[in-house]
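Everything on this sheet refers to the single structure shown next.
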Amino acid sequence: GAFMSIDIKTVQRVANLARINFAQDELLPLSKELSNILEFMKQLNEVDVENVVPLTSVTPIELNLRIDKVDDGGKVNDILLNAPRHSEGFFAVPKVIE
């Protein structure tokens, strides 16, 4: 079937935008590979997924959920050990005035 093919000029433009250098002889195989990927994506888009429930896993598992509560994590002192300076349980940083 007809599908969008990526020509060498498009590959060069995308490579330039992504700051990737390709040798001239790499461009044609790359354009074919990218065109094949687009064709595969077109096939995936044609699949009817209207009544398909999204999966978190291919095996039936129950997610381990925790209670969403806010606390200080109980590691304030451990965390402050990484700070160059701290004061009264907080990181101390130089004062910044505009």
Side-chain angles (χ1 to χ4, degrees):
F3 64 92
M4 177 188 211
S5 64
I6 297 180
D7 59 11
I8 290 176
K9 194 170 188 167
T10 304
V11 173
Q12 285 176 313
R13 183 168 185 273
V14 172
N16 183 48
L17 290 171
R19 303 291 189 259
I20 301 172
N21 292 324
F22 287 107
Q24 198 65 32
D25 62 343
E26 294 177 292
L27 294 176
L28 185 60
L30 192 55
S31 74
K32 288 179 180 176
E33 192 174 331
L34 291 172
S35 296
N36 287 340
I37 291 170
L38 281 183
E39 173 63 17
F40 181 65
M41 290 172 65
K42 180 177 170 261
Q43 290 176 24
L44 290 177
N45 282 335
E46 291 171 2
V47 176
D48 180 13
V49 292
E50 188 65 36
N51 296 314
V52 177
V53 179
L55 296 175
T56 54
S57 172
V58 291
T59 56
I61 59 168
E62 191 145 332
L63 294 178
N64 236 345
L65 301 178
R66 62 173 171 77
I67 297 169
D68 189 15
K69 65 178 175 139
V70 177
D71 62 22
D72 66 6
K75 297 188 182 306
V76 174
N77 292 331
D78 293 340
I79 292 169
L80 289 176
L81 288 174
N82 294 318
R85 294 188 1 242
H86 56 87
S87 175
E88 299 176 21
F90 297 95
F91 292 106
V93 296
K95 184 185 283 189
V96 178
I97 300 173
E98 289 185 2

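For this chain, numbers begin at 1 and follow the sequence in order. Bear in mind that the values here come from a model prediction, so they are computed numbers and not experimental data. Heavy-atom basis, side chains included; hydrogens, waters and symmetry copies ignored.
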* To do: Let me see the working for Glu46 and Met41 under side-chain contact (heavy atoms from CB on, under 4.5 Å), right down to the final yes or no.
  => CA-CA 9 Å; Glu46 291 171 2; Met41 290 172 65; over 6 Å; no

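Taking NZ of Lys32 as the reference point, atom CD1 of Ile8 lies at 9.0 Å (rounded to 0.5 Å). Within the model, atoms CG of Leu17 and CD of Gln12 stand 12.0 Å from one another, a figure rounded to the nearest 0.5 Å. Taking CG of Leu27 as the reference point, atom CG of Leu34 lies at 10.5 Å (rounded to 0.5 Å). Remark: Lys75 NZ to Leu81 CG distance equals 12.0 Å, nearest 0.5 Å. Atoms CD and OG, on Glu26 and Ser31 in that order, are 12.0 Å from each other to the nearest 0.5 Å. Taken to the nearest 0.5 Å, the CZ atom of Arg66 stands 11.5 Å off from the CG atom of Asn64.
Counting non-hydrogen atoms of other residues, nucleotides and ligands closer than 6.0 Å to CG of Asn21 gives a total of 12 or fewer. Taking a 6.0 Å sphere around CG of Asp71, one finds it holds more than 12 heavy atoms contributed by other residues, nucleotides or ligands. Around CG of Asn77, the count of heavy atoms belonging to other residues, nucleotides or ligands within 6.0 Å does not exceed 12. Annotation for Glu33: atom CD does not count as buried by contact number, only 12 or fewer foreign heavy atoms lying within 6.0 Å.
Proximity of Leu80 to Phe90: side-chain heavy atoms (C-beta onward) are nowhere separated by under 4.5 Å. Residues Lys42 and Leu38 fail the side-chain proximity criterion, which asks for heavy atoms closer than 4.5 Å.
A donor-acceptor distance shorter than 3.5 angstrom exists from the side chain of Ser35 to the backbone of Ile6, with no hydrogens or angles considered.
There is a path of hydrophobic side-chain contacts, each under 4.5 Å, that joins Ile20 to Val11. When the side chains of ILVMFWY residues are joined at heavy-atom separations under 4.5 Å, either directly or via intervening members, Ile37 and Phe40 end up in two distinct hydrophobic clusters.
Scanning all heavy atoms of the two residues, the minimum distance from Val52 to Asp48 falls at CG2-O, 4.4 Å.
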